[in-house]
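Heavy atoms only: backbone and side chains are in, while hydrogens, waters and symmetry mates are out. Numbered from 1 within each chain, the chains take letters A, B, ... in sequence-line order.
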Number of protein chains: 2
Amino acid sequence: MTANENDLQTLFRFLNEIGIVAQLSANAFGKVMPEGMTLPQFVVLNHLVRLGDSRTPVSIAQAMQVTKGAMTNTLGHLEGKGFIAIVPDAHDGRSKRVSLTAMGKAARDAAIEALGPELRGIAGEIAMPGIIKALPAVESLRKVLDIRRDPKS
Amino acid sequence: MTANENDLQTLFRFLNEIGIVAQLSANAFGKVMPEGMTLPQFVVLNHLVRLGDSRTPVSIAQAMQVTKGAMTNTLGHLEGKGFIAIVPDAHDGRSKRVSLTAMGKAARDAAIEALGPELRGIAGEIAMPGIIKALPAVESLRKVLDIRRDPKS
DNA sequence: ACTATATAGTTCTACATTAAACCAAATGGA
DNA sequence: TCCATTTGGTTTAATGTAGAACTATATAGT
């Protein structure tokens, strides 16, 4: 599977477009989010809802591909608002456990609610079958980049 | 074309994946770039090569979807390194014109060169036909988000 | 047991970005 | 012509992130 010049051009454009879409969608998210809820905060809350409580900060950082330092920052904000509880891990003195509070769950639900109209608007203006078909390609690209970044992940 | 609940889920996941891919690829770019060349700087240089010289700062900012302030910053760096020349627009006292210098062109070519192996590596580890088929979906998503952000664009 | 190494988390510095306020020049309508 | 509005660009403050240095605890090999 040797890559030809055309493939490289396409891949380059693909990553370029993805960068811009990411920037545009982050902005759009920010505009509809309830006051004070930032995208990284929301993503963490959503992660906890989907994958369950009692995650460690590092595992969350890896899942969303940010540094530990960035996660310390985000978790600090969420804890300050009472959206999560952070407790020491009983079995590992180095580690901590992050869990959602009722307020955090409510805040996440409110954010999802606020996101609805925007998502519906986008979905209504785009050819969704194409998006559905494209999703696996983006996912596999994510996996490849992930592994290249840290081969032992 | 009413969006059902499944479409919203898919769109949400799609944007999520795109955000992470953007972050991963920005990091990967940063690692292979020649010393001092940042991703935004490279994107601007590349934009000038592809779309031609004599662009205005605002048009570049719009093309890559960053604020005018961010562009002022990036262009300042590029000018400081001698990669671009910025001159007042003769026909519009408010405006400026940005053009590549020989050094800027060389720096862009060197960056492209440095990017090659990384792109080749990725292209070799991924199913490129899927990427090629997915590109139009990402592009149309970009257009939709673009228009929703500023309907008169 | 001991030592080297790996891992969890925090802190600090540097930097790119947004949003908003601001200035200057152009545009369009009364 | 004059005034209101728009547009190009800069600047400032606030924020999120990466990267590196650091502490503390766990793990593995000898």
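In the set dG9(C), dG9(D), dT17(C), dG9(D) carries the atom at the smallest distance from any side-chain atom of Ser95(B). When each of dT17(D), dG9(C), dG9(D) is scored by its nearest atom to the side-chain atoms of Thr74(A), the top-ranked nucleotide is dT17(D). Out of dA8(C), dT7(D), dT17(C), the shortest distance to the side chain of Arg94(B) is found at dT7(D). Minimum atom distance to the side chain of Pro40(A) is reached by dG16(D), of the listed dG16(D), dA18(D), dA16(C). Closest to the Asp92(A) side chain, of the nucleotides dA26(D), dA19(C), dT6(D), is dA26(D).
Going from atom CD1 of Ile60(A) over to atom P of dG9(C) covers 9 Å, rounded to whole Å. One atom, CG of Asp89(A), and another, C1' of dT7(C), lie 13 Å apart when rounded to the nearest Å. Between the CZ atom of Arg55(A) and the C1' atom of dA8(C) there is a distance of 16 Å, rounded to whole Å. Look at CZ on Phe42(A): it is 20 Å from C1' on dT15(D), rounded to the nearest Å. Rounded to whole Å, the distance from CE on Met33(B) to P on dA16(C) is 13 Å. For the pair Leu39(B) CG and dT17(D) P, the computed distance is 17 Å after rounding to whole Å. Here dT15(D) presents its P atom at 16 Å from CE of Met37(A), a figure rounded to the nearest Å. The NE2-P distance, from His91(A) to dT27(D), rounds to 12 Å in whole Å.
Scanning for side chain to side chain donor-acceptor pair (under 3.5 Å) contacts around Gln9(A) gives an empty result, with sequence neighbours left out. Taking Lys96(B) as the reference, nothing meets the salt bridge (charged side-chain N to carboxylate O under 4.0 Å, His left out) condition, with sequence neighbours excluded. Remark: Glu139(B) pairs with Arg13(A) by the side chain to side chain donor-acceptor pair (under 3.5 Å) rule, at least two apart or across chains. Partners of Ala70(B) under the side-chain contact (heavy atoms from CB on, under 4.5 Å) rule, at least two apart in sequence or in another chain, are Val66(B), Thr67(B). Every side chain to side chain donor-acceptor pair (under 3.5 Å) that Lys81(A) has, sequence neighbours left out, goes to Gln41(A). The side-chain contact (heavy atoms from CB on, under 4.5 Å) check on Val144(A) picks up Arg148(A), Ile122(B), Glu125(B), Ile126(B), with sequence neighbours excluded.
Residues Glu118(B) and Ala28(B) share a closest heavy-atom pair of OE2-CB, 4.0 Å.
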Just the atom pairs and distances: protein N or O near nucleotides 13-15 of chain C's N or O, under 3.5 Å.
none

Review item, nucleotides 10-13 of chain D N/O atoms under 3.5 Å of protein N/O:
unit_1  : atom_1 : unit_2   : atom_2 : d
dT10(D) : OP1    : Lys96(B) : NZ     : 2.8
dT10(D) : OP2    : Thr72(B) : OG1    : 2.8

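At the phosphate of dT18(C), OP1 or OP2 sits under 4.0 Å from a side-chain N or O atom of Gln23(A). For Ser59(A) and dA8(C), the shortest distance from a side-chain N or O to OP1 or OP2 is not below 4.0 Å.
Among pairs with a residue in residues 45-72 of chain B, none fulfils salt bridge (Lys or Arg N to Asp or Glu O under 4.0 Å), at least two apart in sequence or across chains.
Between Phe12(A) and Phe42(B), the ring planes are perpendicular. Angles over 60° get that label, and only those under 30° would be called parallel.
Between its two ends, the helix from dA1(C)-dT30(D) to dA30(C)-dT1(D) turns its axis by 30°, counting five pairs per end and rounding to 10 degrees.
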In residues 14-27 of chain A, what donor-acceptor pairs under 3.5 Å come from side-chain atoms, sequence neighbours left out?
unit_1   : atom_1 : unit_2    : atom_2 : d
Glu17(A) : OE1    : Arg142(B) : NE     : 3.1
Ser25(A) : OG     : Val21(A)  : O      : 3.1
Ser25(A) : OG     : Ala22(A)  : O      : 3.2

Side-chain donor-acceptor pairs of residues 82-91 of chain B under 3.5 Å, sequence neighbours excluded:
unit_1   : atom_1 : unit_2   : atom_2 : d
Asp89(B) : OD1    : His91(B) : N      : 2.6
Asp89(B) : OD1    : Asp92(B) : N      : 3.3
Asp89(B) : OD2    : Arg97(B) : NE     : 2.9
Asp89(B) : OD2    : Arg97(B) : NH2    : 3.0

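Within 4.0 Å of Gln65(A), counting heavy atoms only, lie sugar-phosphate atoms of the nucleic acid but no base atom. Residue contacts shown for Thr67(A) include a base, since a base heavy atom lies under 4.0 Å away.
A donor-acceptor contact shorter than 3.5 Å is absent between the side chain of Glu79(B) and the backbone of Gly76(B).
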